[in-house]
Amino acid sequence: MIRDSVVKSVLLIGGRRTEALEAAREAGCRVVFAGPKSAMTERHRELADAVFLLPDLAPETAVELALAVHRVVPFDLALTVGDQYSLAAARINHELGLGSNPLRTVAAVNDKALMREILRDKAVGRVSAAEVRTPADLQEFVEAAGFPVIVKPAQGSASKDVFVVTDRAALESTTSRLEFPGGDSAPWVVEEFLQGREFSVETHSTAGVHHLLAVTEKFTTENFVEIGHVVPARISAEERDAIADEVRAVLTALGVQEGPGHTEIMLTARGPRLIETHTRPGGDAIVELLRLATGHDIHRLNFAWLSGQPVDLAAEPLVGAAAIWFLTLPQGRVTAAGGLAEAEAVEGVTAADLSAAVGDVIAPIRSSEDRYGEALAVGDDADGALHRAREGVARLTVEVEPLEPAAPAAR
């Protein structure tokens with residue numbers, strides 16, 4: 001299958017990593033980069049034919065900048081690989097008539113309330129959900145659905161501000177922590193609490209056909225912060241087929257036409273149910289896990305498609321397994337940190353990192369930003385890769401002392 005129109009020049013918006021720029025150049029595309037100054041590296045300058053930087057590039061400003069840039073340095077498509085500028089890129093393509101995924105599709109994957117609204121009457125596994133504009137909306141949903149429920153931002157990422165409401169005391173506590181700014185859009189979404197095993201599904205779409213690249217098994221804390229991933233997921237062929245069918249149905253219902261996809265699924269007793277989906281590659285080094293475990297390079301695959309090269313994904317090679325595990329720490333102050341060389345020396349570990357430093361104050365784990373190290377490893381199978389990644393993290397030695405309670409204020 002070959003794309004109808006060939007992309008010869010691309011605007012890439014934001015991102016400190018350069019894999020997408022490298023893939024674009026390898027595919028023969030001219031590259032224009034726009035972003036905040038903080039995202040710029042020397043490698044960006046080497047790869048880009050033109051660069052446009054601002055001290056702080058807000059998404060709405062990115063749209064205005066891109067429309068102005070297009071008049072001087074025309075491009076065939078605007079792209080980004082993260083959440084921050086995804087809707088901005090879709091608006092640019094819409095305004096300039098450049099095709100790719102429809103604006104409403106990208107808006108839906110960035111707005112959980114809109115996503116659930118579009119899917120409500122489609123042939124996908126039903127998840128009870130409602131918009132929450134006021135405390136009364138949340139109360140009404142709980143009265144109808146019962147406990148437990150999950151409350152999350154309508155637009156959010158990195159597992160921030162996700163609340164599980166299990167009883168009336170938790171309902172009151174959660175309601176007191178939510179902000180309701182008013183206006184037309186709902187700031188929160190409430191959904192039935194899905195129970196089961198959680199996975200993400202990595203896909204690449206071509207002209208509305210959705211190709212499964214891998215199912216990733218994920219591991220989370222009690223408050224849904226991701227602490228590990230492994231490719232391939234340890235599931236049966238029947239479970240994999242059911243997950244794949246659900247993801248394809250979701251992407252079709254939302255109108256996804258092309259490009260990378262990262263869809264989060266809960267495999268429940270009723271079958272697979274959608275948590276959320278994205279028209280971008282997965283984060284948390286899932287792109288690297290995918291490459292190591294299957295041989296698929298999502299960025300090269302995408303630019304091969306965009307540049308008019310034939311894409312054949314009928315065969316899905318599996319060359320091994322890859323896993324990543326993250327370091328989480330108890331609350332307190334870091335008094336010692338080390339072990340990076342020891343982590344890197346573990347058999348099968350391909351990369352390790354330690355960001356905790358002496359003097360750091362460790363806060364409660366509330367999002368993916370509250371992780372302080374990682375190890376990525378390969379293995380012959382998922383169990384082996386997981387064991388090596390966990391062993392790598394275990395070699396990271398970080399000591400944390402409890403913080404002394406604050407002294408009472410003087411009268």
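It should be emphasised that the depicted structure is a prediction, and the values quoted were computed from it without experimental measurement. Counting begins at 1 with the first residue of the sequence.
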L213 and T294, any side-chain heavy atoms less than 4.5 Å apart: no
Run the side chain to side chain contact (heavy atoms under 4.5 Å, CB included) test against [X] and tell me which residues pass, sequence neighbours left out.
| X | result |
| --- | --- |
| P364 | Q331, R366 |
| R71 | A68 |
| V358 | none |
| E238 | S236 |

Test applied, side chain to side chain donor-acceptor pair (under 3.5 Å); reference residue, S205; option that passes from H211, Q257, H210, R248: H210
For E217 and H229, test the side chains for any donor-to-acceptor distance below 3.5 angstrom and give the result as yes or no. no
Taking only residues two or more places apart in sequence, or in another chain, which ones meet [X] in a salt bridge (charged side-chain N to carboxylate O under 4.0 Å, His left out)?
| X | answer |
| --- | --- |
| R168 | E143 |
| D76 | none |
| R270 | E192 |

Before you tell me yes or no, could you show the steps for R291 and E288 under salt bridge (charged side-chain N to carboxylate O under 4.0 Å, His left out), namely the whole-Å CA-CA distance, both residues' side-chain angles and the distance that decides it to 0.1 Å? CA-CA 5 Å; R291 186 186 67 80; E288 182 67 2; 2.6 Å; yes
[X], [atom1] atom: more than 12 neighbouring heavy atoms under 6.0 Å:
| X | atom1 | result |
| --- | --- | --- |
| H70 | NE2 | yes |
| R300 | CZ | no |
| E401 | CD | yes |
| E140 | CD | no |

Pairs in or reaching into residues 85-99: which pass side chain to side chain donor-acceptor pair (under 3.5 Å), with residues at least two apart or in two chains? S86-N110
Let me check something: any side-chain donor-acceptor pairs from residues 15-23 under 3.5 Å, sequence neighbours excluded? List them with distances.
unit_1	atom_1	unit_2	atom_2	d
R16	NH1	S38	O	2.2
R17	NE	E19	OE1	3.3
R17	NE	E19	OE2	3.2
R17	NH2	E19	OE2	2.5
T18	OG1	E22	OE2	3.1
E22	OE2	R43	NE	3.3

One thing to verify: whether E239 and R197 come together as a salt bridge, which I'm taking to mean a side-chain N less than 4.0 angstrom from a carboxylate O. yes
Per-pair distances, 0.1 Å, donor-acceptor, side chain in residues 371-383, under 3.5 Å, sequence neighbours excluded:
unit_1	atom_1	unit_2	atom_2	d
R371	NE	S368	O	3.0
R371	NH1	E226	O	2.7
R371	NH1	D284	OD2	3.0
R371	NH2	D284	OD1	2.7
D381	OD1	D383	N	3.4
D381	OD1	G384	N	2.8
D383	OD1	R234	NH1	2.8

On a heavy-atom basis, which atom in R333 and which in G359 lie closest, and how many Å separate them? NH1-O, 3.7 Å
Which atom pairs, donor and acceptor, lie under 3.5 Å between side-chain atoms of residues 335-345 and protein residues at least two apart or in another chain?
unit_1	atom_1	unit_2	atom_2	d
T335	OG1	E399	O	3.4

Those residues at least two apart in sequence (or on a different chain) that pass side chain to side chain donor-acceptor pair (under 3.5 Å) with E258 are R3, S100, W305
